[in-house]
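Heads up: the structure comes next, in structure tokens.
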Amino acid sequence: MDVTAILDQLNEAQREAVSSPLGHALVLAGAGSGKTRVLTQRIAWLSEVEGLSPFSIMAVTFTNKAAAEMRHRIEAQLNMPLRGMWVGTFHGLAHRFLRAHWQDANLDQNFQILDADDQLRMVRRVMVSLDIDEKKWPPRQSVWWINAQKDDGLRAAHIHDQGDVFVQVQLRVYRAYEEACERGGLVDFAELLLRMHETLLNRPELLAHYQRRFKAILVDEFQDTNALQYAWLRVLAGNSSHVMVVGDDDQSIYGWRGAKIENIQRFEKDFKATSIFRLEQNYRSTATILQAANGLIEKNADRLGKSLWTADAEGERIGLYAAYNEIDESRFIVARIQDSFNGGEALSEHAILYRSNAQSRVLEEGLLRAQIPYRIYGGQRFFERAEIRTALAYLRLLSSRDSDAAFERVVNVPPRGIGDKSIGLLRDFAREKQLSLWQAATELCANDALPGRAQRAVAAFLSTIDTLDESTDQFDLPSLVETVIDAMGLKSHYEKEGGERGQARLENLSELVSAARSFDPDDQVMFEEDSEIEISILDAFLAHAALEAGDAQGDRTQDAVQMMTMHSAKGLEFKTVFLAGMEDGLFPHQMSMDEPGRLEEERRLCYVGITRARQKLYLTYAESRRLNGSDHYNRPSRFISDIPRELVEEIRAHEVLVRPALSTSRPPKVRFKTEVEGTQLKLGQKVNHAKFGEGVILAYEGTGPQARVQVAFDGQGIKWLMAAMAKLEPKE
DNA sequence: CCTTTATTTTTTTTT
DNA sequence: AAAATAAAGG
């Protein structure tokens, strides 16, 4: 065995981590310090030096992108067979486990995965049947609450309302939702993990089996694990497994999803005799970029403490561009990319990162105009498009007739005379008899219990599906998909819609066929000696669609500018990075500005964004930005001033100002116009409101009928109101 | 029952 | 501004 080949290209700290003796290890790895490399080399070390079989190694990450990257690197660098090795996301691995052990997990053999949208619909349905007022109790909030409970490992049965009305209501929803999922054989994202965790605890022999099997467990992005994932890891590791976790507290950006930074400290305590390694040398960025990142993150309290350094050259200063508006911002970015591209850089070395997906549109238009190819990750994912979901719902109905979600989605698309009224009848009957919609429809039809027209339409629908199912029995996946799209009239339906929109939909549908063609179930993690997993290729494809949402659209190989949110950029790097929309209210986001804890998370997100850049970093903000229909005049992001001034050079249209400009140059103060245009209101104005009583206007956004004002009411708190709706009476 | 039009709501980040 | 939903018209 050649040990040097494994340790060859590593620095001292990395080498120590990679070659550490078996036992638990915590690797604190700063951005760009080569943590993925440490992980892959560690796997090589475990297999080649420690002699562990690939079957006994598990490597977990969070995102599909990171998992793919890791798989790729292991394959390429180590020349190791990946089959049998558990490399994947928490959710992906849990899914596989549940497919293999559906009986032990008390699941339907062909259980379906509920994606975010399905889940929302389901909760909404449940709330309707519980007669809970949607206005008072938003379904989104309930979804959020339920997921938060599951992320903490809590079932409805574990929760006590303690007389809290809010909890009482949510709990009712949670219980009913649990039941509905159980009945329908449905599993949401959090449920995958929770169910696997419970199954391991309930089935000691199964647990023992896996504990024996996994000699080594490696976890990437450990700072993003939530309570449930942590518990999951602990159970699986047992007493015999060697666990190595890699994380960076400064890059923890998923607190809103239940991630607990504290897990890093807990790990030290819970996993005895942990050796700790720190990777502090950065190999990615210039000294300037790194200093900017360090300067920013220092403003956070509560850090484990770590300072990154680099041997790299100073590099160029950070460009700061104050755009007029969002269109000017996009123009600036496009121009810079064009320059750089003409200078010989690959487009794919340029990334535009933003806080929220909605920002991508304007940037996209700019690139489109300049005819620069680009690729957007996230946002409207491929499998989330309406036409794709409809086609998938047909497939799902073929696979399991009792899927109510699929039934409802599909029953009247394209229109076949089964409207709200008929569906209402089906739904009522189904609820009464505890049947699925499909069963209800079948029974009602058999008894001629529906009004004539509906009767005929429903019967026709049922038999169409059944015949289709029979006739496609022997088809392979792509032909099946194609046939379904064709036979169910989706093609002609969207052809009729016409226009660019319809055209795009048709293209997406044929894209779905090619996705089916290139789908390879063997790509998934396989089990060693476990029985062949009983799952049809169709079900595997559907699960894949839910689990990976497929953000790969368009041509993967073409050289293109990369666009994504800062969240999805984690783990990636580019030569040139643009952070767009650096404005208070956008980034840090409005919703996160008030709470210190959440503000710090936003700052960490900014840190992640900055550290994606290798050579050149641009920050841009717009003095005026049109968002959700009205204009906003936001201040430049507070994060800009967290960066040491001497590292920044301000760029104003075509000229470069040498003086440090942050403090002195402010945009024209349009926003301090005190009167709200088109109304009789102005800042500081005392007003009267029919319900809330007396108050003072603190702020506003938008103008005329669109204007919203923020009012501090006496004793009623601070509220945002539509000026046109609120009927505020000026006082004094 | 279907289609068109008006109204209302929504707008963070993801598996 | 766009999308989802409700109401009206055919």
Side-chain angles (χ1 to χ4, degrees), chain A residues 60-67 88-95 113-117 119-121 124 134-135 138-140 144 147 150-151 187-193 221 224-226 228-229 252-259 326 353-359 361-362 377-381 383-384 386 412-423 451-454 456-457 496-497 543 546-551 564-570 581 585-593 598 601-602 604-606 608-609 625-632 701-702 706 708 720 722 725:
Chain A
V60 209
T61 63
F62 274 80
T63 62
N64 294 309
K65 220 184 283 166
T89 63
F90 279 99
H91 295 88
L93 295 179
H95 173 233
I113 297 177
L114 224 50
D115 67 19
D117 194 63
Q119 191 185 21
L120 179 61
R121 283 160 190 278
R124 196 170 272 148
E134 281 205 26
K135 295 277 177 287
R140 283 176 179 287
W144 198 83
N147 286 338
K150 289 195 177 186
D151 283 342
V187 170
D188 62 41
F189 287 133
E191 182 76 28
L192 289 169
L193 289 166
E221 307 282 12
D224 288 329
T225 48
N226 61 33
L228 178 56
Q229 287 159 337
S252 160
I253 53 177
Y254 285 105
W256 51 275
R257 209 175 70 182
E326 73 278 6
L353 309 182
Y354 35 79
R355 175 65 233 269
S356 60
N357 286 305
Q359 285 169 257
R361 178 167 266 120
V362 189
Y377 295 81
Q380 249 285 21
R381 315 278 184 100
F383 287 116
E384 282 167 5
N412 204 30
V413 182
R416 45 173 79 85
I418 307 173
D420 284 347
K421 220 171 106 204
S422 313
I423 295 174
R453 265 162 74 104
R456 250 170 294 133
K496 246 188 291 172
E497 185 181 327
L547 221 44
E548 304 217 2
D551 50 17
M564 67 197 85
T565 64
M566 291 183 222
H567 278 92
S568 35
K570 189 160 72 158
L586 233 193
F587 188 37
H589 195 274
Q590 194 73 52
M591 320 243 66
S592 310
M593 288 208 304
R598 302 190 58 184
E601 179 156 314
E602 296 274 310
R604 291 194 293 269
L605 184 59
C606 186
V608 169
R625 180 178 297 271
R626 168 150 285 194
L627 211 61
N628 312 323
S630 56
D631 287 318
H632 295 245
E701 61 185 32
Q706 300 294 320
R708 300 201 312 140
W720 277 100
M722 293 291 296
M725 306 295 290

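Throughout, protein chains are lettered first and strands after them, A, B, ... in sequence-line order, and every chain is numbered starting at 1.
- Side-chain contact check for A:Leu192 versus A:Leu547: some heavy-atom pair is nearer than 4.5 Å.
- Evaluation of the side chain to side chain donor-acceptor pair (under 3.5 Å) rule for A:Ser252 yields no partner, not counting sequence neighbours.
- If you take CG of A:Asp117 and C1' of C:dA4, they are 12 Å apart, rounded to a whole angstrom.
- Between the side chain of A:Arg140 and the base of B:dT11, no donor-acceptor pair under 3.5 Å is found.
- Put simply, A:His589 rests on the base of B:dT12: the two rings are less than 5.5 Å apart at their centres and nearly parallel, under 30°.
- Rounded to an integer number of Å, the gap from CG of A:Leu605 to P of B:dT14 is 10 Å.
- A heavy-atom distance below 4.5 Å is not found between the side chains of A:Gln229 and A:Val60.
- Within a 6.0 Å sphere centred on CH2 of A:Trp256, other residues, nucleotides and ligands contribute more than 12 heavy atoms.
- When heavy atoms are screened at a 4.0 angstrom cut-off, A:Phe62 is found touching the sugar-phosphate backbone but no base atom.
- Computed from coordinates, the A:His91 NE2 to B:dT14 P distance equals 14 Å when rounded to whole Å.
- C:dT5 sits 23 Å from B:dT12 when the C1' atoms are compared, rounded to a whole Å.
- Computed from coordinates, the A:Met591 CE to B:dT13 P distance equals 12 Å when rounded to whole Å.
- Judged by centroid separation below 5.5 Å and plane tilt below 30°, A:Tyr254 does not stack onto the base of B:dT14.
- Per the geometry, CG belonging to A:Leu120 stands 14 Å off C1' belonging to C:dA3, to the nearest Å.
- Taking atom NE2 of residue A:His632 and atom P of nucleotide B:dT11, one finds them 14 Å apart after rounding to whole Å.
- When the C1' atom is compared between C:dA4 and B:dT13, the two are found 22 Å apart, to the nearest whole Å.
- When heavy atoms are screened at a 4.0 angstrom cut-off, A:Arg598 is found touching base atoms of the nucleic acid.
- A:Asn412 comes within contact range of the sugar-phosphate backbone alone, with a heavy-atom separation under 4.0 Å but no base atom that close.
- Across all strands shown, A:Ile418 has heavy atoms under 4.0 Å from sugar-phosphate atoms exclusively, and none from any base.
- In this structure, A:Arg625 atom CZ and C:dA1 atom C1' are separated by 14 Å, rounded to whole Å.
- Distance A:Asn147 CG to B:dT14 C1': 11 Å, rounded to the nearest Å.
- Formation of a donor-acceptor pair under 3.5 Å by the A:Glu602 side chain with backbone atoms of A:His589 is found in this model.
- Residue contacts for A:Arg121: at a heavy-atom cut-off of 4.0 Å it reaches no nucleic acid atom on any strand shown.
- A:Asn357 comes within contact range of the sugar-phosphate backbone alone, with a heavy-atom separation under 4.0 Å but no base atom that close.
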